Asker: 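First the structure, then my questions, so here it is.
What you are looking at is a predicted structure, and each value in this text was computed from that prediction instead of being measured.
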Amino acid sequence: MERIIQGMTPSEVVDKLRKADGYYITNTARDLSQSDFKNRILLHTDMLAAPSRERAGYFSLEITGGASVHVDILRKQVDPFLKLELLREKMPKTMFQTLCRGVNLFGYRPYPQNVIRFTVREFAKYVDVWRTFDFMNHIPNMQAVFEEVAKAGKINEPCICFSTGPEHTDDFYVGKVQGILDVTGTDIILCIKNHGGLGTPQRIGQLVNAIKQSYPDLPIHYHGHNTDGNDIGRIAAAILNGASIVDASDSSMTGYYGPPPSLTVIQTMKSLGYTAIGLDEDAVIETSEVIRDQRQYYAAFESQIKGFQPTVQIHKLPGGAMGSSLEQAAKGGFLDKMPDILHKELPRVQKELGNYWSVTPGSQILWTTAVANVQGGERYGNPSGDLRNLLLGKYGPFPFYQPEEWIYEKVLGADWKKVLEKEGGMDEIEDMDLAKERTNLSEKIGHEPTDQQLVLYLQHPNDAVNFFKFEEKFGKVYVLPPSIFLHQGKFNVGTTLSFTDHYGKEHVIEIGPSMVNEGGESNVYLNVDHHQRIYSFAPVAKAGVAAAATVLSKEEIMTLAKNGDIRAPFAGNICEISVKEGQEVAAGEQIAMMEAMKMQTPVVSVIAGIVTTLSVKVGDAVKPGAKIAKVDIDE
């Protein structure tokens with residue numbers, strides 16, 4: 001049977017899958033990057049791999065979505081749309097795939113309907129297969145994406161998120177499949193999203209069989225992670241029980257928390273009498289050889305903890321969150337507490353909060369809650385705004401059971417029943433005024449934005465503006481290979497750097513000496529394209545010059561708040577200022593919004609009064625106890 005290629009209609013693709021006499025493979029390069037390299041694999045590396053990946057004949061290449069859209073602009077300084085344009089030039093036949101978080105899109109919280117639809121329309125110009133999920137398996141949270149994907153003539157791949165436990169039965173999941181089909185119709189692919197690599201091969205085979213028994217014509221795509229080292233077994237069980245597509249990636253870059261190697265899947269299934277349809281095994285091997293030498297430049301982004309983790313069956317942290325969670329632990333100085341967090345507190349929190357699916361943004365809620373419980377000493381004593389929203393039902397109803405009343409009281413306060421009655425339930429998020437947001441963006445970047453720029457701004461406003469300004473100042477830096485872009489430490493004098501820019505012009509930079517003058521200013525000498533240039537940098541303040549910041553306790557911060565002196569309750573970034581100086585505020589009214597570990601928490605005024613001072617601005621990084629605002633009682 002011939003390969004499936006970009007440009008086929010959804011009905012043509014689904015028909016081929018129904019008639020398939022083997023199975024297909026999706027190369028989940030994006031998930032590999034997120035799970036094993038903290039999303040840092042550069043476009044430069046993907047461009048090197050593109051010709052052989054194109055010849056390989058994959059069902060699709062998952063190359064965007066999830067957290068990658070954000071990290072593209074935040075850490076890699078590449079336009080997510082330009083990335084897709086450039087890869088399409090090298091891969092005209094391969095379908096591109098994305099991972100979409102439903103109402104949360106490519107971010108971490110719900111967006112208005114018009115933003116969702118606008119975003120899908122723009123990305124659907126480049127993306128063929130839309131794998132869409134919701135961490136509560138709440139189908140209405142995915143419906144707008146389903147509708148826009150269908151309108152664009154692209155392929156819907158709705159997910160049922162999978163987990164383990166007594167509540168997670170075949171009957172439950174089969175019922176969810178029917179709920180999806182009621183919304184989408186039958187020309188879809190169903191994804192079993194095993195984001196944590198949970199369950200045994202037998203369990204996955206049993207689930208695939210149960211779904212195929214009820215819906216024999218429904219193509220199933222199994223997605224898993226190799227965190228416990230056993231996903232090849234689960235993949236084999238899925239195919240043996242009727243799955244049409246499975247996920248894997250390039251062997252030379254696979255690690256511990258992402259997908260298993262494609263070649264291992266091919267070899268395993270070949271011994272069982274199953275053929276990978278349309279796949280060129282030589283091209284699969286060639287891809288790994290082409291990018292093998294690139295891995296050394298990404299070493300700094302590999303996990304702090306090496307080796308497979310069979311204990312994922314206990315803590316259930318998804319592969320895509322393992323690397324970033326371990327990075328947060330290392331930076332936060334609590335890496336030594338990870339065994340207690342992962343093996344004791346996290347599974348305890350998961351059960352207490354309803355045993356829902358540990359995947360974005362729900363996995364961040366579970367993770368940050370478990371970390372706060374261990375670090376703070378008082379369980380649920382420092383709840384995030386997102387945990388509060390979870391208990392209020394803002395993300396959708398709990399699928400199995402609600403948390404116990406004491407948790408509601410700890411998070412929502414003594415009057416939690418009144419709070420739940422007044423604020424509970426999913427909000428009807430008002431549409432944004434896109435024309436107004438376009439004007440706001442235009443003012444911030446100094447020119448009329450494109451639709452693509454507006455899409456990025458609507459989801460990640462501060463980071464998008466910073467990226468647009470960076471690119472305007474420095475150009476298209478995606479052209480830099482990882483050996484330059486991700487270089488650790490300084491370059492030695494005499495080092496020669498070569499690269500070709502976005503317009504095809506070759507450049508050579510030779511590193512010259514660096515000198516510091518009497519005023520502390522550094523002058524760096526470079527030969528750029530055989531012309532000497534001098535770059536001057538202002539002196540850097542020496543560590544220890546500034547007085548050490550006073551560390552305030554939680555009790556001290558609360559005491560100051562009662563006097564109108566509002567301080568940061570934890571370390572994080574200011575992502576929103578909700579008031580202006582001179583504005584009257586009521587007790588409990590939001591002053592600002594802080595973000596830490598992808599979770600947002602409102603900072604509120606304890607007293608009623610007038611905002612007399614704002615000490616921070618959007619984008620500021622603050623430490624616990626840092627001044628945020630002053631509210632004086634209006635007398």
Asker: What heavy-atom pair brings G258 and D36 nearest, and what distance separates the two atoms?
Answerer: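 Scanning both residues, the minimum pair turns out to be N-OD2, 3.2 Å.
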Asker: Check for a donor-acceptor pair, side chain of T98 on one end and backbone N or O of C100 on the other, with a separation under 3.5 Å.
Answerer: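 Answer holds: no.
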Asker: Do you know the tightest heavy-atom contact between A592 and I577?
Answerer: CB-CD1, 4.2 Å
Asker: Go through the steps for R295 and E302 under the test salt bridge (charged side-chain N to carboxylate O under 4.0 Å, His left out), then give the verdict.
Answerer: CA-CA 10 Å; R295 185 164 186 157; E302 295 202 52; 3.0 Å; yes
Asker: Does the ring centre of F106 sit less than 6.0 Å away from the ring centre of F123?
Answerer: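 Yes, the ring centres sit under 6.0 Å apart.
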Asker: Hey, is R131 close enough to E62 for a salt bridge, meaning N to O under 4.0 Å?
Answerer: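 Between E62 and R131 there is a salt bridge, with a charged N closer than 4.0 Å to a carboxylate O.
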Asker: With a sphere of 6.0 Å drawn around NZ of K394, does it hold more than 12 non-hydrogen atoms of other residues, nucleotides or ligands?
Answerer: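 Yes.
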Asker: May I ask you to check whether F37 and F301 place their ring centres under 6.0 Å from each other?
Answerer: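 No, ring centres 6.0 Å or more apart.
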Asker: Could you tell me whether R101 and D134 make a salt bridge, using a distance below 4.0 angstrom between a side-chain N and a carboxylate O?
Answerer: no
Asker: Could you go through the side chain to side chain donor-acceptor pair (under 3.5 Å) check for H70 and N39 one step at a time?
Answerer: CA-CA 10 Å; H70 188 203; N39 248 320; over 6 Å; no
Asker: Is any NZ, NE, NH1 or NH2 atom of the basic residue among E404 and K351 found under 4.0 Å from an Asp or Glu carboxylate oxygen of the other?
Answerer: no
Asker: For K306, I'd like to know if atom NZ has over 12 heavy atoms of other residues, nucleotides or ligands within 6.0 Å.
Answerer: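 Count over threshold, so yes.
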Asker: Could you measure the distance from the CD atom of Q304 to the CD atom of Q328? Nearest 0.5 Å is fine.
Answerer: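 Spacing of CD (Q304) from CD (Q328) equals 10.5 Å.
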Asker: Assess the pair H168 and W357: is the distance between their ring centroids shorter than 6.0 Å?
Answerer: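 For H168 and W357, the ring centres are under 6.0 Å apart.
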Asker: Mark yes when over 12 heavy atoms from residues, nucleotides or ligands other than Q296 sit less than 6.0 Å from its CD; otherwise mark no.
Answerer: yes
Asker: In terms of relative ring orientation, are F334 and W367 parallel, tilted or perpendicular, with 30° and 60° separating the classes?
Answerer: tilted
Asker: One pair to check against side chain to side chain donor-acceptor pair (under 3.5 Å): E345 and N373. What are the steps and the verdict?
Answerer: CA-CA 8 Å; E345 187 60 24; N373 287 354; 2.8 Å; yes
Asker: Does K193 count as lying over the ring of F133, i.e. NZ or CZ under 6.0 Å from the six-ring centre, within 45 degrees of the axis?
Answerer: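 Verdict for F133: a cation-pi partner in K193.
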Asker: Between R388 and D386, does at least one N-O distance fall below 4.0 Å, as a salt bridge requires?
Answerer: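 No.
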Asker: So, T169 side chain and F172 main chain: donor-acceptor pair closer than 3.5 Å or not?
Answerer: yes
